[in-house]
Each structure stands twice: as C-alpha cells, then as structure tokens.
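In what follows, a single structure is set out as structure tokens and then discussed.
Just so it is clear: chains get the letters A, B, ... in the order the sequence lines come, proteins before strands, and each one is counted from 1. Worth saying up front: this structure is predicted, and the values here are computed from it rather than measured.
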There are 2 protein chains.
Amino acid sequence: MTDTLIDRRDLAFQLYEVLDTESLTARERFREHNKGTFDAVLETADRMARDLFANHNRAADQHEPRFEHGAVTMLPEVKRAFDAYAEAGFIAGRYDNELGGMQLPETVMAACNGFFTAANPGTAGYPFLTTAAANLIRVFGSDRQRRTFLPHMLSGRFSGTMALTEPHAGSSLADIRTSASPTGDGHYLIKGAKIYISGGEQAITENIVHMVLARIKGAPAGVRGISLFIVPKFRVDEQGALGERNGVGLAGLIHKLGYRGTTSTALSFGDDGPCHGYLVGEPHQGLKYMFQMMNEARLGVGFGAAVIGYRGYLHSLAYARDRLQGRKPSEKDPESPQVPIIEHADVRRMLLAQKAYCEGGLALCLYGARLVDDQHTHPDPDRRREAGKLLDLLTPIMKAWPSEYGPKANDLAIQVCGGAGYTREYPVEQCWRDNRLNPIHEGTNGIQALDLLGRKVWQDQGHGLQLLLQAMQRDLEAASSERCQPWALSLSETLQQAVRVTQSLGQALMSGNPDRPLANAACYLHLFGHIAVAWMWLRQANAAVAGLDTATDDGERHFYLGKLQAAQYFFHWELPTVAQDLVLLRNQDDTCLTMRPEWF
Amino acid sequence: MTDTLIDRRDLAFQLYEVLDTESLTARERFREHNKGTFDAVLETADRMARDLFANHNRAADQHEPRFEHGAVTMLPEVKRAFDAYAEAGFIAGRYDNELGGMQLPETVMAACNGFFTAANPGTAGYPFLTTAAANLIRVFGSDRQRRTFLPHMLSGRFSGTMALTEPHAGSSLADIRTSASPTGDGHYLIKGAKIYISGGEQAITENIVHMVLARIKGAPAGVRGISLFIVPKFRVDEQGALGERNGVGLAGLIHKLGYRGTTSTALSFGDDGPCHGYLVGEPHQGLKYMFQMMNEARLGVGFGAAVIGYRGYLHSLAYARDRLQGRKPSEKDPESPQVPIIEHADVRRMLLAQKAYCEGGLALCLYGARLVDDQHTHPDPDRRREAGKLLDLLTPIMKAWPSEYGPKANDLAIQVCGGAGYTREYPVEQCWRDNRLNPIHEGTNGIQALDLLGRKVWQDQGHGLQLLLQAMQRDLEAASSERCQPWALSLSETLQQAVRVTQSLGQALMSGNPDRPLANAACYLHLFGHIAVAWMWLRQANAAVAGLDTATDDGERHFYLGKLQAAQYFFHWELPTVAQDLVLLRNQDDTCLTMRPEWF
C-alpha cells in the first residue's frame, strides 16, 4: 500500500514542463503569486488531504451517514476535514483577495482539489459543492444575496448544494416541476421534490444553502421556463444570523454503491411549512445560469475521475512491486525464487494502461483548467474568447473521457491485485465504486456525446473545432524528435479522418432528421476523446524528450522514459481502437437505431 | 424491476434450436430422459431459484456472514436454499442413478445452475463447491473414500470446498507449502495455511469436506510434488457418523466487494490439534487431478459470469421500458410527453451490447457444456476424443470471455439505470460487484491467456485448433441466408488472419525465448474470444433465420428479429475490434515487455 495520492513529480511535470503554469504569474490577477506560492499551496493540499481526508476514507465508506431521530449522523472526521479545508481558504481559493480568497489560478486549484478527491471523494464533495453553489451566487446573485450568503459559505459556516434533479426529471431538466409562487415579500414559495441531492443534509455546517431550479407559475414549458432560487435550510438575516427553519425537509437518504461519505438525499420543499426561495438573477434564466457554470462543474467531474483512477493505479503499482508470484515463461526452474508480479508482461500491460489513462486524463483536465484561466485572465481578449470556445468544445470530452477511463483504470487495479483487490481489506475496490458515479452525474456520458456531436462541434460555425485543430497542429509540428514523429504522424492521420467524418455527419444533420446521424454519438465522443488524450500524450512526450536531454540523474531519466513508454502505449494500444468508431460513424450504422423495443 | 432470471424462450432456443439438446436422449446414458424431463427439471430450477435463492440475494449481500464467538453466523435462508437444492437432487444431478443422481446431461445441469447463479451467486456457491469436491472423490478417491463421503455430500449433509490457494501461492500453485506427513495409521498430518477458501466455514451443514493440496515431506519441488487430500472438519466413520473435531480451524473471514453470501475464509491446518488428511489417489498427482476437473470448473465460472450479466441485462431492460425521460433529437416540442428511455438510440446501444455479450456468452458456455457431454457420452469414440480436445482448447476462452464481458454488461446495466443504477435500491450494482470476482478466480484471465497461447493451441500438434476451424467451417457454410452471408464472410476473413498470426507466434515460440511472443497473450485471448463468440452469434443467426421462416405469430417473429439484430450488433460493433489485437500480435509489440519497473 502507498499513501501517495498523486505523484508530485508527475504533477510538477504537467504543471510546469507541459503547461508552463509559472507563466500565469505574469498576469495581473496572479501577480502576487510565484512558483513558490503555487508549490506551497499544493504542498498544503497534499498534506492536508493525506492527514485529514485520507485518514477516514475507508471508515466513511463503511459507516455511511445515517438518518436517525430526525437528524443525519456521520463520522466527526468529516466535519473536521471540511472545517480545515475552509480554514485553509480552499473554498474561496479562486476568489478575489477582497472576498477572502487567494486569487489562485484554476490550474492550481484544480490540482489542489485533485489531492482531496484522491484522498476521499466522499468528504471532498461537501466543500466542492459549497464552492459551486457560492459561484452561482457570486456571479448571478444580487448584492444583498452576495452579502448575506457568500461570506458564510466561503468561511465554511454554511455549505451549499445544487438541487436540480427530480424523480421524473434527471437527464431531462426541461421537465422539472418544482414550482415557485411569488409573494409580496420579496421571496417566492417553493413547492416540490428533489432527489439525488448531494449534501442535501449533513452534520457539518450550521446552515445549508440549496441552489434550486424551479418554475415560476405561468412560466413557459421546457428549458426557457426554469428559474434559479436560493433556498436556505435556515432563513438568515443580512448579517448571516440564523432565523426560522425554512420549509425544506429531508425525505430520506439514498444508499449508493460508492461515494458513500457524501449524503445523497431526497428533499421536499414546502411540505413541512412554507419554503422561502429567493430568485437569483432574472426569471426563467435559471438553466442558462447553471449551464454557464457547467464547464467548470463537468471539468471537475472529469478531474475527479482521473485522480480516483490515479490513486488506484498507485495502489496497484505498489502491490505489483511487492507481491511475489510466479516466474517468467522463460524460467523453467521451479526452485527459482518467485518474482514480483511487476515482472510479468501482462501485469505491466495493466499498469501501463492505468498510467496511460490516468496521467492522460489528468493532463487533459489540467489543460482544461488552463483554458478556464485563459478564458478569464489572458491579457489578449481574442485569446480569452478563443479559450472559452475551446473549453466549450472540450467540456463533454473532459467530463466523459476520464469518467470512462478512470473507472477502467480502477478495474485494472483490482485485477492487478487479484484476490486481494477483490477484498475490502484493499482500497482499490472502493476506488472503483466511488469512481463509478462519474459517468452518471453532471450529465451522463450519453448526454455528453449528444452535447458534443449535436451542439458543440457546430457552435460558432465550428470555430471551436478549428481552434482545436490549430492547437493540435502546433504540437504536431513540435514533435520533431525521432521518438515522437511516428506518433505525431498517426495522430495527424487520425485527425484528418475524424475531420472528414465530422463533415459528413454535419451534412447529414443539416439535411434532415437528426436521429440517425446522432444515433452513434457515443462513438464520436470516444473518437474525439481518444484523439484529445493522444494529443495530451504527444505533448507530454515532447516535454519528456526535452527533459531527457537535460536530465542529470537516473531518477529523472527513468521518469521521462516512463512517460515516453506510456505515450507509446497510448499510440500503439489505444489510439488505433478508434478505427472502429470511424467505420461506424462513416456508415451511420443504424443497428442501434433500428432495433425495435419489442425485439428485445 | 423483473424477477426473470434467464429468458426461458432464449434458453429453449439455445438448447433446442441451436444445440439440438434433444438428440442427447438417444444416447444410452440419457435414455430415460426426453424433452419433457429436461423441461421439467429446468422449470424446477427456475422456480426454486426464484423462490428460495433470489428471495434473499440482496439480504445476504447486506448481512454478510459473521464470525462471532467462535462460530460463523449467516441468514437462515441460505441453509434453507442449500437444503432444498440438495433435496431436489441437484448436487447429484449429473451422477449415476445408482449414486442417487439424475443422469442429466451437463448441458441441462449447466442451464439449471444458471438459474441459481443468476438468482443468488453467493448462496449457489455452497452446493456448487460441494458438487466439485464430490467429483474429485468420485473420480480419484478410493472405494472407501467414496463410500465414506460421497453419499453425505450428495445428500447435502456435508458440503465441500477446494482448498488450493495459500497466502504466498495463488496463481502460482507450484509454490504451495502446506505439508503432509505420513503416519502409520493410514492418514497424513496436514500442517499449513490456506486463504480465500470459499465456503471454508458456514452455518449450513453438519460437516465440511475440504479438498486440500499439500506437499508430502520430501516431494519434488514445483507442480510435480503436490498431492491431494481429503480433510474433513469432523472426522467420520465409514457410516458417515461424525467423530472428533479435526484440526482445521477458521483463522478469519475475508470481506469482499461482492459474492458476500459465500464465506471467503482463511483456514489453518494443524494449529488447533492434529489435522488428519486422507490422500486421494497417488502421491504427487494432486495438481494433475485438479486440472482434470478444471475444464468444468472454469466453464462454470464463465457460465456464472454470463448469467449474472444476463440478470443485470434483464433488469436494465425492464427499467428502460418503464422509465420516461427526454425526447428524441427530432422532437422539438418541449410539451410533448417524455418517452421511455428504450427509445433513445444510445440506450438501445447499451441494451444491445448487453444482449450480445450475455446471450453470446451463454451460447458459448452451453456449447462448452455440450462438449462435456460429447466427451463423455458420444457414441463414437473419435468424437468423444475430439470433443475433449475442443473443450481443452476452448476452456480458457469460455472462462475468460464471459468473465470479461459479463461484468461489462453489468456496467452498462448500471449506466442504463443512471442514478438509480448507482443506488443500492436497484439490483444492478450488486450484479456488477458479484460478477467482478469471475475474471479473478479459477485462474485469472491473465493466466487463461497464457494457458491458451502458451499451451492449449499447440497441444497435440494443434489438433484442437484444427478441430475448431472445422467446426466453424461447418457453420460458415450453413450461413447461406442473405442476412447471414456477410457475417460469415467477415468471420471467415478474421479467422484466416488469426490463423496466420497463430503460425507466426508459433514460429517465434519454437525459435527461442517465449517471453516476447507470450507478452501480449491477453490480445490473443481477446482475439480468439471474439472469434468464438462471433461464431456463436452466427450459429444463433442461422437458427433464427430458420425460425423466422416458420414463425407463426408476432412474438416469435420479434424474438428471431431480436436475435438477428444482436448478431448484427456483434458483427458490426464487436468483431472488428480485433483488428487492433491482430496488429499488436503480428508486430509482437514489445511496449509492455520492455517497460522497466523503475520507469513507472
């Protein structure tokens, strides 16, 4: 076993050698930072995650929150961890100094949060949701709402939730029914039921601020009739003092496969007394507001999936180095000593696949975080707009690819550990169970596929896609080393085919019924996901070749050689699997579309 | 939700339309059977599995066995189910009438056991292990051992276990250390420790008969020095009356991700008083005996994986028919009603994939069971030998393919059910957890890959492979319908490439160090697994085309059309994925082999 959460050498490589994160300190917003402050905050996150989050990851899974005598009980360690996270300023890590924030770049905050998720995704859920809810209030709330709620959320006195899903409306938010009736007193009365609300009740904070989607009576049907409300558990005055209990109640806890430390709740609004809600921004704009925050939320899911995968990879790697079992095929002497299983080619395959998935997924999400930074802080307004478009395009990929391949990595980690991996005495099975949520929440991967092929690719006349091709082109041209050239060639060829198939799908979409061209959207998502991650591996390989040139000790050389071998794995073993996607997309294969329900 | 375990129409199709199981009744051994008796026993198994096994599947997962005050406690329903299974004669289902058996063909018994595993794999484990242990005694035991133990095991008074694994010897059984010292009294004294022994302690039967691998003092190193012993929990006289407690003790229960109803135990031998063991057969032949039973054991694992996959598929199918969510891309009216999610192409993809995996896996394992029958009961001795060779060759595939794709199906079932699938209120997450054991036990899939490419393919100068090609050739020629012809062509082409790559690997294996040609054995296993399952789908498609010709009602027509669509799914979406395996094998890609441990 190992207590390493994310390999710090790898993280430094990705942040500084691949992404040049240090260059951000030249920007106005980050001018008080330097590599030293970034590293200090990363070190704090890593240490705190190991000491206060990882310490109860297993216990919080085994003793999940309970709803007893009208209250939720949970391990006291969860509150301790939450409070320490808030105290260290992480809830407000990205915020302005004047709001009590640290003005950290998204790239650095995402990496910090990576440690917490890797350590204990269940406990990390509470502060992450609080940041997400606070963001909505910060950007779209009134001055009064900001004054009333933000300081207490950022300090960790209040937590936040996102209350979207209803029993009959999950993927299809257009169909939510929770209603909001205006009163003369500046608030609305909320009535309805929500389900799967993470952190909807807990034993951590004095108050919980629910960000609730509801329909104002008489609103238009569908997505254009949904508004956003603040619904606190306890009403508060402008100084944040708690007032009466608001009419939002816990209908029950939902018991999950994993992520058990985060309560998943069914909430009722207006059943136990009047439920006051405060409209955020304009009426009927709620879903638009949510979606403006969606890139970051979905990127967060992808990031979490990559690092839970990463954590399982490190566990299985440590196991494979320790565990003696069997001999190489060429060793015929039964009295020869058994070898560590890392010596077996098939175990190396499973480790290399995990490395390729997790470090590739991490690179992709850190690249996404950098786009968030560029979108908000790049000195050149054109580059800011471009970063936003690239981010829009890549968001479904950055959510879905790691959430597909992170659990795959965890599955391989179980297999590497064999019988031990199947027991609850080893941590890899929990990694898999926790990670399995990620392809489902924040828009299932099926929804991401439709978002990519049905919308994002064509947005702004395909400008995002052009920008992506240009960005890749720069890295293809930089791949001039002998080691990287064949990989660049294979990526470039795959890309050309992907562009051609995109054009043919575009024509089909324009010329009629979208059902058939969209039927195999999952293949398109897989195709572009693999292209994006191959690109990330090419970028890492380029940086590794440069690093090798100047490496002065064996440890460094081994690190870079490992990167190159993982890149090779991705280019030999993974990228070619898209051939199948290309065929199915080219043919607009209709096997799934024409399968009739009564034939099952 | 649905309480269907395995679709009976599908099972009848596979047994009678694809396999012609009825023809077995012409054989001497099965002459007292007819289609009516087969169907009656299948009906009994199905009903009993639903009433007595499925009823506590969830509860046995939630309340796993505990070790308290020196004894194991478990739900009383487990014993009730075990006793009913024994009472109905299923432990001895395959045995001679004179031993109290039913002389059922393996094909029918495998199908019966499919219902029990689909209903509750944890509880089904106990009787299955008892049959397996009894088989060893029946085939290799002395008359006295048979008299002493068999009747009580077949009646369910005693249970059985297979005690192979030790803490430092799992995949590598050659390295076991448990020792056996001869005494003058006809027994050996056993000393050592075993781990992961399923059913090693329980609260079901009066006695437990452990089949233990151990080394007689002075035995040669490696696989040639391992002997097989009967080690009962209580010593017994020849009438089966219980005597003294034998020195085998429960060192602890192991807590697993799934399969929680079956205890997984650490056992100590000789620590709590003398542990008597009775040598089975000749000294040093223990591993050989075990391996003679291995085909059936591994086939059983594959079968179990296929049917747990199948059960999850049926759950997710029922959910997809019921759950209303969203609209088709072509439907723009937000006030139109939501559709059942089975209407979404991507959901159909996930259902079709499950259907293709589970019905394909089931077909493969039923074919394997038929080979067992042919090996033992075919009137033509040549055909008996041929069936045995085919079975030897296909065993690693029949173990590994379903155990890879059954859990994949369960993963898709979770995804189809979305947030609900992630909760423990729905059964699909348990299916996945239970099924995840199957790629690990009875030889990990990595071991199966080495067994296939390192041994089975070359056995008897490749005679098994020739027989396989001939068997496939017959079905390729039978695929004369318009629907099946293109599939036959694509299978035939893939097969030719697979044969070529087999030849080149064979040359590499003969000409030197085996480490490189065996390094990508996993790809070879995947390649041949997909070919075998494509073949199964071609056989099913051939039968479906014939069925369609004579179908007289819509239900029947829909059934056959579903089969053809699933076959199309396999040929369009799955078989082509082996292109990647072929490339890696052809190149003897050395990415994994050359990755050095210190580069990770």
Could you check which of [options] has the highest count of heavy-atom pairs closer than 4.5 Å to chain B?
| options | answer |
| --- | --- |
| A521(A), P220(A), P329(A) | P329(A) |
| G512(A), G419(A), C523(A) | G419(A) |
| H558(A), R327(A), E343(A) | H558(A) |

Margin query: Looking only at side-chain N and O atoms, does T594(A) offer a donor or acceptor that is under 3.5 Å from a partner on Q565(B)?
Written below: yes
Notebook entry, point to check: Can a donor-acceptor pair be found between the side chains of T444(A) and Q415(B) at a distance below 3.5 Å?
Noted result: no
Margin query: salt bridge (Lys or Arg N to Asp or Glu O under 4.0 Å) for K408(A) and D411(B)? Distances and angles first, verdict last.
Written below: CA-CA 11 Å; K408(A) 243 188 239 277; D411(B) 189 67; over 6 Å; no
Side chain, backbone, both or neither: which part of [X] has an atom under 4.5 Å from a heavy atom of chain A?
| X | result |
| --- | --- |
| I414(B) | both |
| L518(B) | side chain |
| R9(B) | neither |
| Y426(B) | neither |
| L593(B) | both |
| R433(B) | both |

Of all heavy-atom pairs between [X] and [Y], which one has the smallest distance, and what is that distance?
| X | Y | result |
| --- | --- | --- |
| G222(B) | P334(A) | CA-CB, 3.7 Å |
| A169(B) | R323(A) | N-NH2, 4.2 Å |
| D346(A) | G446(B) | OD2-CA, 3.6 Å |

Evaluate the side-chain proximity of [Y] to [X]: yes if any heavy-atom separation is below 4.5 Å, no if none is.
| X | Y | result |
| --- | --- | --- |
| Y422(A) | I254(B) | no |
| T577(A) | T577(B) | no |
| T423(A) | H255(B) | no |
| D589(B) | W573(A) | yes |
| H344(B) | L450(A) | no |
| F600(A) | F559(B) | no |

Most contacts with chain A, counted as non-hydrogen pairs under 4.5 angstrom, among [options]:
| options | answer |
| --- | --- |
| V583(B), L352(B), I342(B) | L352(B) |
| Q568(B), K355(B), R436(B) | R436(B) |
| E429(B), H572(B), E335(B), K328(B) | H572(B) |

Check: [X] side chain, [Y] main-chain N or O, donor-acceptor pair, under 3.5 Å:
| X | Y | answer |
| --- | --- | --- |
| E425(A) | K256(B) | no |
| Q325(A) | S171(B) | yes |
| R321(A) | P597(B) | yes |
| Q338(B) | H168(A) | yes |
| R349(B) | C592(A) | no |
| Y196(A) | A420(B) | yes |

Check: With the threshold set at 4.0 Å, does a side-chain nitrogen-carboxylate oxygen contact exist between R424(A) and E64(B)?
Finding: yes
